[in-house]
Protein chains: 2
Amino acid sequence: MEDNQAAERPARPMLGRGHIVATALAMLDARGVDAFSMRKLGGALGADPMAVYHYFPNKAALFDAVVEAIYIAIDTTGPVPDAWDEAVATYLYAARTVMRAHPGALALIATRPVNTVPVYALLEVIAARLARAGARPTDAIAMVHCLATYAVGQVLADVGAPVGGPEAPPPDPATFDPSVIPTLVAAMEGGWAFDPDAVFDTGLRAMIAGFGSRYGLADQT
Amino acid sequence: MEDNQAAERPARPMLGRGHIVATALAMLDARGVDAFSMRKLGGALGADPMAVYHYFPNKAALFDAVVEAIYIAIDTTGPVPDAWDEAVATYLYAARTVMRAHPGALALIATRPVNTVPVYALLEVIAARLARAGARPTDAIAMVHCLATYAVGQVLADVGAPVGGPEAPPPDPATFDPSVIPTLVAAMEGGWAFDPDAVFDTGLRAMIAGFGSRYGLADQT
DNA sequence: ACCTGAACACCGTTCAAGT
DNA sequence: ACCTGAACACCGTTCAAGT
């Protein structure tokens, strides 16, 4: 019931939730969750370490706001192809692009579900497109969930900053015994290199195609 | 080159890497990464907080060992169905079962790739089965990567402990405006409940089937 | 309303020391 | 070889206080 508006603003400081979230996200992207601290955030904001607590009750609440900000940055309002499968792929690519831009926050995204209307609205867009192609609502939601977890898992493996300290450097492949991993060795020969973009696309298309035949999805003509 | 065996053992203490990893994993499962600390680990081991540093250079190295221990617990030596797609699904189910048993370590699994022979050997089993069904080695590896990231993403969303403090409780669905999320609301009506097992299966089968038709996979008869 | 600063109970890691 | 304990530079959060 406290609904009095803020008609005038004091001098310069005025942190504000949006500014705090943006600064925290930049810090996370630069150095990961482990290196993040509320005290450094205060420093980056040019304020007392404790100033943030006026806007967020604790670090967890701030992280929830960061995750939501990332979800909201996923834009689904642009034009998409007419075909249902291409449209769904386009939405997932949009999500991937935004998530890849925030490597240090990925562990938060993967681990802190945000149950808010903006996030639901994002899922709704994809679910609605699947429903329009003939899926029942419950099946559409299951499919969106599968596609979303796949995208998160891919991006995490691709660019995700490690939780719990820096990761160990990979060992010299030459020390491996080829006889225990023949398929892997065979793939490496010929100068083949792992391409995250191509691999993401392969799995995404496979899952979408699989859903299509499983549920008989098709565009009305 | 230091190959002298440990022929005799002192009295009781003798922590040992295996015991430390097991204890750390139990602590992670019980309370998550945020609640874990090297000092508490020392306490749980009944030793000085610093004793662990004799076996692991730092917390990150210990976490790498924990992740590898989880991967090694995935057993792929049991019998699998003859059909390539059922065999692959069986391997992924084995991975899911083990990962689900360690909710507090999932953020570590998803975020700390372990480049060791035992882990490669695990991937090799699945890749080899796909190759035997007709996939080229490079395609087989891409497929395994997609399936693995999907499984990790699913389990993370399903049971993963939050990184960065406890998560906020979900809001009352009754406060949502049904008009912005009609498909989601439609799915909820009729008492439909989200079933993690069924959803995992749906996405897994869809991806496998999609790979099958994309690469023309089939068992030799 | 918004920010400060001291204080409390913690961290990871280093290092010199014990046995 | 294996473990201890003090010490250092940090944490998140609470709370009384300032403007």
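Every chain is numbered from 1 and lettered A, B, ... according to where its sequence line falls, protein lines coming before strand lines. Side chains are part of it too, since the values below use all heavy atoms of this structure and drop only hydrogens, waters and symmetry mates.
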If I take atom [atom1] in residue [X] and atom [atom2] in nucleotide [N], what distance separates them, rounded to the nearest angstrom?
X	N	atom1	atom2	answer
B:R17	D:dC3	CZ	P	14 Å
A:H19	C:dC3	NE2	P	11 Å
A:F56	D:dT13	CZ	C1'	16 Å
B:D34	D:dC11	CG	C1'	12 Å
A:F36	D:dG12	CZ	C1'	11 Å
B:I20	D:dC2	CD1	P	11 Å
A:M50	D:dG18	CE	P	19 Å
A:L41	D:dG12	CG	P	9 Å

Hey, is B:K59 close enough to B:D64 for a salt bridge, meaning N to O under 4.0 Å? no

Taking only side-chain nitrogens and oxygens of [X], does any of them come within less than 4.0 Å of OP1 or OP2 of [N]?
X	N	result
A:K40	D:dC11	yes
B:Y55	D:dC3	yes
B:S37	C:dC10	no
B:H54	D:dC3	no

In short, A:L184 meets B:A127 closest at the heavy-atom pair CD1-CB, 4.3 Å

Sorted by position of nearest nucleotide on DNA chain C, 5' first, the leading residue of A:D48 and A:R39 is A:D48

In the structure shown, which nucleotide is the Watson-Crick or G-U wobble counterpart of D:dC11, with both distances under 3.5 Å? none

Partner of D:dA16 under the Watson-Crick or G-U wobble criteria, both distances under 3.5 Å, comes out as C:dT4

Are any side-chain N or O atoms of A:D34 and backbone N or O atoms of A:G164, one a donor and one an acceptor, separated by less than 3.5 Å? yes

Answer with base, sugar-phosphate or nothing: what part of the nucleic acid does B:M38 contact at a heavy-atom distance below 4.0 Å? sugar-phosphate

Would you indicate what A:Y53 reaches in the nucleic acid, counting non-hydrogen atoms under 4.0 angstrom: base, sugar-phosphate, or nothing? base

Candidate list A:I109, A:V114, A:L28, test side chain to side chain contact (heavy atoms under 4.5 Å, CB included), partner A:V66, passing option: A:L28

When you measure from the centre of the six-membered ring of B:Y91, is the NZ or CZ of B:R129 closer than 6.0 Å and no more than 45° off the axis? no

